[in-house]
Number of protein chains: 2
Amino acid sequence: MPTRTGRPPKISRDAILAAAHRIVDTEGPDALTMRRVAREVGTTAMALYHHVRDKDDLLRLLLDDYAAGVPLPDPVSDDPAGRAVEAATAMRAALAPRPWIVDVLRADDLLARRALRFPEAIIDAFMTGGLDAEDAVDAYRIIWHYTAGEISARAAATRRRTDDRLTYREQVFTGLDPAELPRLAALGERWEELAGRDTYDKGLRALVHGLLR
Amino acid sequence: MPTRTGRPPKISRDAILAAAHRIVDTEGPDALTMRRVAREVGTTAMALYHHVRDKDDLLRLLLDDYAAGVPLPDPVSDDPAGRAVEAATAMRAALAPRPWIVDVLRADDLLARRALRFPEAIIDAFMTGGLDAEDAVDAYRIIWHYTAGEISARAAATRRRTDDRLTYREQVFTGLDPAELPRLAALGERWEELAGRDTYDKGLRALVHGLLR
DNA sequence: ACCTGAACACCGTTCAAGT
DNA sequence: ACCTGAACACCGTTCAAGT
């Protein structure tokens with residue numbers, strides 16, 4: 001049994017992650033600062049740097065934890081299109097309540113290690129549907145971009161709704177010149193109502209259909 | 001001619017915007033702080049608050065300026081699908097070099113006032129293609145989500161490429177269990193190459209086709 | 001009316017020192 | 001080996017005072 005030398009640890013990476021989870025779930029991602037996490041585990045912010053490389057590292061670890069807990073339901077469709085839709089819908093359902101995740105991994109159009117079941121299922125569905133590996137990867141990435149964009153937009157819209165100044169969009173729509181922008185002018189105030197609709201599924205089905213055609 | 005009273009202004013909103021443009025174009029959006037803008041126009045940060053409400057307001061004004069300068073080329077296609085693709089491609093081309101814009105207006109799936117030509121053209125194409133107003137708005141919003149997601153992802157990927165630690169994704173791909181994730185394991189290192197491809201057009205065409213079907 | 005200085009309440013991170 | 005305190009170099013914004 002190897003001898004550990006030096007001062008015994010007061011805190012652990014697990015304790016840090018648990019605290020981070022608590023904070024982000026109850027107070028949102030903006031409340032997640034190094035100082036706040038430190039307070040929660042009962043140390044100074046600087047002690048954290050002994051257990052995680054930096055804040056980005058913390059976020060990534062947090063993400064991987066979430067990913068592990070999200071189920072990918074067994075497919076119920078027989079056809080490839082249906083299976084792709086199911087997997088993408090599950091992926092979106094997992095992310096929608098935690099939109100900050102999208103911001104963390106935006107770049108990696110691949111999800112965290114323990115969430116790879118989602119791309120796997122989607123790529124598999126497309127390959128079963130007759131696409132070769134290249135086209136299936138393209139299809140997955142296209143769906144990822146669509147999903148990430150939709151989640152970000154919805155999250156921002158929700159944020160704005162709690163804001164006072166939802167006036168901007170109304171303001172944009174008053175006094176549109178029908179000669180210049182006939183379609184938008186005709187829509188008028190209906191935009192507000194139409195833009196609130198959840199169109200994810202509609203877009204997803206169009207996308208999958210178009211990609212498999 | 002109305003008599004203006006009080007101290008004459010040293011700076012103007014135009015001067016502030018011009019400075020902000022200079023900063024964001026040469027040093028990127030992260031360099032755009034109130035203090036930095038103030039230094040550029042030769043005042044203190046607090047003087048700015050007399051001309052813009054807050055930083056968000058400044059960003060929105062900046063955005064509107066950009067929007068005014070971006071051309072929407074005349075359509076060349078006869079068919080509605082082609083015109084929708086053209087307008088969306090122009091919109092993406094306008095945004096791609098300035099991905100921070102997407103972050104500013106994420107919520108408003110409608111663009112800034114002076115950029116309304118883009119949604120107008122896209123909605124018009126879909127309505128010409130036989131969709132009713134509701135479906136055309138849905139179609140536009142779906143395309144917007146896809147476009148915003150793609151731009152964000154590409155911007156983040158570029159940022160990461162200049163980073164040192166592009167190791168994370170490689171790391172994820174080493175030692176995948178082929179029993180658990182057969183498709184991804186088979187892809188192996190090819191992911192890196194495949195994920196670099198520009199798939200915007202492919203996805204856009206699939207989407208437009210699926211939406212008009 | 002417009003501008004200034006000082007201040008508030010924060011950030012992430014580094015670094016030298018302590019146990 | 002692990003933790004601490006002080007410090008660095010920032011943020012956006014408020015507020016009272018000056019011109």
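Note: hydrogens, waters and symmetry copies are ignored here, and every other heavy atom, side chains too, is used. Chain letters run A, B, ... following the sequence lines, proteins first, then strands; residues in each count from 1.
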Q) Does B/Thr44 have a side-chain nitrogen or oxygen under 4.0 Å from the phosphate oxygens OP1 or OP2 of C/dC3? A) no
Q) Would you say the side-chain atoms of A/Tyr66 and A/Asp25 include a donor-acceptor pair closer than 3.5 Å? A) yes
Q. Between atom CG in A/Leu58 and atom P in C/dC11, what is the gap in whole Å?
A. 14 Å
Q. Which whole-number value in Å describes the distance from B/Met34 CE to D/dC11 P?
A. 12 Å
Q | Short side-chain N/O contact to C/dT4 OP1/OP2 from B/His50, under 4.0 Å | A | no
Q | Length of the line joining B/Leu48:CG and C/dC2:C1', which is rounded to integer Å | A | 13 Å
Q.
Under a plain distance cut-off of 3.5 Å, with no hydrogens placed, do A/Tyr200 and A/Thr89 share a side-chain donor-acceptor pair?
A. no
Q: Would you kindly give the CD1-to-P distance between B/Ile11 and C/dC2, to the nearest whole Å?
A: 10 Å
Q. Distance check: side-chain N/O of A/Lys10 vs OP1/OP2 of D/dC3, anything under 4.0 Å?
A. no
Q: Measure from the side chain of B/Arg35, starting at C-beta and using heavy atoms only, and say which of D/dT4, C/dG12, D/dG12 lies closest.
A: D/dG12
Q.
My understanding is that a pair needs two contacts under 3.5 Å, Watson-Crick or G-U wobble. By that rule, which nucleotide pairs with D/dA17?
A. none
(Q) Using heavy-atom distances to pick each residue's nearest nucleotide on DNA chain D, tell me which of B/Leu32 and B/Arg7 is more 5'. (A) B/Leu32
Q) Can you tell me the Watson-Crick or wobble partner of D/dG12, both distances under 3.5 angstrom? A) C/dC8
Q) Are any side-chain N or O atoms of A/Thr33 and backbone N or O atoms of A/Arg36, one a donor and one an acceptor, separated by less than 3.5 Å? A) yes
**Q.** Lys/Arg N to Asp/Glu carboxylate O, A/Arg60 vs A/Asp64, below 4.0 Å
**A.** no
Q | Separation of atom OH in B/Tyr49 from atom C1' in C/dC8, rounded to whole Å | A | 13 Å
Q) Just to confirm, is there a sub-4.0 Å distance from OP1 or OP2 of D/dC11 to any side-chain nitrogen or oxygen of B/Thr33? A) yes
Q: Could you pull out the closest heavy-atom pair between B/Trp191 and A/Val137, with the gap in Å?
A: CZ3-CG1, 3.9 Å
Q: Measure from CE on A/Met46 to P on D/dA6 and round the result to the nearest Å.
A: 11 Å
Q. Relative to the 5' end of DNA chain D, which residue comes earlier, A/Pro8 or B/Asp30, by the nucleotide with the nearest heavy atom?
A. A/Pro8
Q.
Please determine whether a side-chain nitrogen or oxygen atom of B/His51 lies at a distance below 4.0 Å from atom OP1 or OP2 of C/dC3.
A. yes
Q: Report yes or no: does B/Glu120 contribute a side-chain atom to a donor-acceptor pair with the main-chain N or O of A/Leu184 at less than 3.5 Å?
A: yes
**Q.** Nearest-neighbour nucleotide for the B/Ala47 side chain, C/dT13, C/dC3, D/dC11 considered
**A.** C/dC3
Q | C/dC3 - base-pair partner by Watson-Crick or wobble geometry, distances under 3.5 Å | A | none
Q: Figure out the CZ/P separation between B/Arg36 and D/dG12, and round it to whole Å.
A: 12 Å
Q | Atom-pair distance (CZ on A/Arg39; C1' on C/dC10), nearest Å | A | 12 Å
Q) What integer number of Å spans the P atoms of D/dC10 and C/dA9? A) 22 Å
